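So the structure is just underneath, and the comments pick up after that.
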There are 2 protein chains.
Amino acid sequence: MTSTDLKKAGLKATMPRLRVFQILEENHKRHMSAEDVYKALIDSGEDVGLATVYRVLTQFEAAGLIARHHFGDGHSVFELDHGGHHDHILCVKCGRVDEFIDETIEQRQREIARNAGYEMTDHALYIYGICNSCRNK
Amino acid sequence: MTSTDLKKAGLKATMPRLRVFQILEENHKRHMSAEDVYKALIDSGEDVGLATVYRVLTQFEAAGLIARHHFGDGHSVFELDHGGHHDHILCVKCGRVDEFIDETIEQRQREIARNAGYEMTDHALYIYGICNSCRNK
DNA sequence: ATCAAAATGAGAATCTTTTTCATCTGAGTT
DNA sequence: AACTCAGATGAAAAAGATTCTCATTTTGAT
Ligand SMILES: [Mn+2]
Ligand SMILES: [Mn+2]
Ligand SMILES: [Zn+2]
Ligand SMILES: [Zn+2]
């Protein structure tokens, strides 16, 4: 992420924007909440406001730089849009998150949308379960 | 829904519980938020607290009487568990909601969970798009 | 009718996210 | 390098959904 990339997205290259993007790149966690990003920023000695983190994440999402997900625990999580679309499988015990993409499902979804008269814009699929390690203890 | 049904679920047969269930049965909207249910109750002349509506809906969910969904606009919606599991397709313009069930997808999900080492407990699939009538105007 | 346990209503509290607003900064212009 | 100002920021307040607290009421069994 460079100043030029931000300008391309119509955003000024400001310190908070560069740093938020860096934090996501550093991959502390693959999926980070706004609070996670904020804390990482503070820990790194940066002086940003939480409101700015929310604003910047929303702008990055609008610009297609990151994806937002709702894992079901009441807050949004974000991840760099590396590798494009995929879905998630979550452990309800330990919070572990795995990713997958299934072309059969992707295609059926398109068909279902078409049959229902919709022009599909997006979709979200979450599988919840108990992961291997949680099951064996 | 009778007092007996509630007792079977380990819940005392109270007025708020009976009335909340009735509201859902009356099918004002197929998918109602806690606030929706609360307003319907007030309109019907009942004197209940919003906190009680939230409590009762959560208890009904735990008892398997109703299902809770997260359509993505920041609040939970509930529906009677008639007909069992199904998924949803939503219009991002007008809020219209359609329902569907696809055995191919259901089966692929089970396989994905198994391959990832998870014992699946639940899943949620939301397709977002623009409905026919919103597209033609 | 009596009584303990469970449930309720009102309002406070919590949690996440957004808004407001005075101040500051990025990046063209002189 | 100084000048300008639209756009960006931080702090705090506000908003919106949901949960918690607690004094009071109701239920269901005796
Ligand atoms: Mn992911
Ligand atoms: Mn439904
Ligand atoms: Zn686990
Ligand atoms: Zn529509």
Side-chain angles (χ1 to χ4, degrees), chain A residues 1-23 31-63 65-66 68-78 95, chain B residues 1-23 31-63 65-66 68-78 95:
Chain A
M1 162 66 65
T2 68
S3 322
T4 322
D5 294 322
L6 282 174
K7 286 192 196 147
K8 238 177 282 178
L11 302 168
K12 278 190 185 173
T14 64
M15 180 278 284
R17 284 179 183 148
L18 272 321
R19 294 292 294 115
V20 165
F21 200 90
Q22 280 172 25
I23 292 293
H31 306 93
M32 297 183 84
S33 68
E35 191 76 32
D36 289 338
V37 173
Y38 173 69
K39 283 190 184 131
L41 242 14
I42 295 297
D43 287 353
S44 85
E46 218 61 73
D47 177 31
V48 290
L50 178 57
T52 298
V53 173
Y54 274 102
R55 275 187 294 240
V56 169
L57 288 171
T58 300
Q59 292 159 348
F60 283 3
E61 183 196 10
L65 298 170
I66 63 178
R68 178 198 299 258
H69 306 292
H70 302 281
F71 285 172
D73 33 10
H75 57 263
S76 296
V77 297
F78 302 86
Chain B
M1 163 65 65
T2 68
S3 321
T4 323
D5 293 322
L6 281 174
K7 286 191 195 147
K8 238 177 284 178
L11 302 168
K12 281 187 184 175
T14 63
M15 180 277 285
R17 285 179 182 148
L18 272 322
R19 294 292 293 115
V20 165
F21 200 91
Q22 279 173 26
I23 292 293
H31 305 93
M32 296 182 85
S33 69
E35 192 76 32
D36 288 338
V37 173
Y38 173 70
K39 283 188 184 132
L41 242 14
I42 295 299
D43 287 352
S44 85
E46 217 62 72
D47 177 32
V48 289
L50 179 55
T52 298
V53 173
Y54 274 101
R55 276 186 295 240
V56 169
L57 288 171
T58 300
Q59 293 159 348
F60 283 3
E61 183 195 12
L65 298 170
I66 64 178
R68 178 197 300 257
H69 306 292
H70 302 280
F71 285 172
D73 34 9
H75 58 262
S76 297
V77 297
F78 303 85

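Keep in mind that what you see is a predicted model, and the values were worked out from it rather than measured. Sequence lines set the chain letters: A, B, ... in the order given, protein chains first and strands last, and positions in each chain run from 1.
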Side chain to side chain contact (heavy atoms under 4.5 Å, CB included) assessment of A/Met32 paired with A/Phe78: CA-CA 5 Å; A/Met32 297 183 84; A/Phe78 302 86; 5.7 Å; no

Whole-Å gap separating C1' (C/dG11) and CG (B/Leu50): 12 Å

Range on DNA chain D touched by chain B - first to last nucleotide, heavy-atom distance under 4.0 Å: D/dA17 to D/dG28

C/dT18 OP1/OP2 closer than 4.0 Å to side-chain N/O of A/Tyr54: no

Heavy-atom pair with the smallest gap, counting every atom of B/Val48 and B/Ile42: O-CD1, 4.0 Å

Test log, rule side chain to side chain contact (heavy atoms under 4.5 Å, CB included), inputs A/Thr52 and A/Arg55: CA-CA 5 Å; A/Thr52 298; A/Arg55 275 187 294 240; 3.2 Å; yes

Student check: side-chain heavy atoms of A/Arg68 and A/Thr58 closer than 4.5 Å: yes

Ring centres under 6.0 angstrom apart (B/His31, B/Phe71): yes

Let me check something: any side-chain donor-acceptor pairs from residues 12-23 of chain A under 3.5 Å, sequence neighbours excluded? List them with distances.
residue, atom, partner, partner atom, Å
A/Thr14, OG1, A/Arg17, N, 3.4
A/Arg17, NE, A/Gln59, OE1, 3.3
A/Arg17, NH1, A/Lys12, O, 2.9
A/Arg17, NH2, A/Gln59, OE1, 3.3
A/Arg19, NE, A/Glu46, OE1, 2.7
A/Arg19, NH1, A/Gln22, OE1, 2.6
A/Arg19, NH2, A/Ser44, OG, 2.8

d(CD, A/Gln59; P, C/dT17) in whole Å: 16 Å

For DNA chain D, the residues among residues 33-49 of chain A that have a non-hydrogen atom under 4.0 Å from it: A/Asp47, A/Val48, A/Gly49

DNA chain D: 5'-proximal contact among A/Arg17 and B/Arg68 (nearest heavy atom): A/Arg17

Footprint string (nucleotides 19-30 of chain C, 5' to 3'): B base within contact, S backbone only, - free, heavy atoms under 4.0 Å: BB-----BS---

Distance, nearest 0.5 Å, that separates CG of B/Asp5 from CG of B/Leu65: 8.0 Å

For the student: nearest non-hydrogen atoms of B/Ile66 and B/Leu57, plus distance: CD1-O, 3.4 Å

Indicate every side-chain donor-acceptor pair of residues 33-40 of chain B with a distance under 3.5 Å to a residue at least two apart or in another chain.
residue, atom, partner, partner atom, Å
B/Ser33, OG, B/Glu35, N, 3.4
B/Ser33, OG, B/Asp36, N, 3.0
B/Ser33, OG, B/Asp36, OD1, 3.4
B/Ser33, OG, B/Asp36, OD2, 3.2
B/Asp36, OD2, B/Lys29, NZ, 3.1
B/Asp36, OD2, B/Ser33, N, 2.9

Counterpart residues, side chain to side chain donor-acceptor pair (under 3.5 Å), relative to A/His69 (two or more places apart): A/Glu79

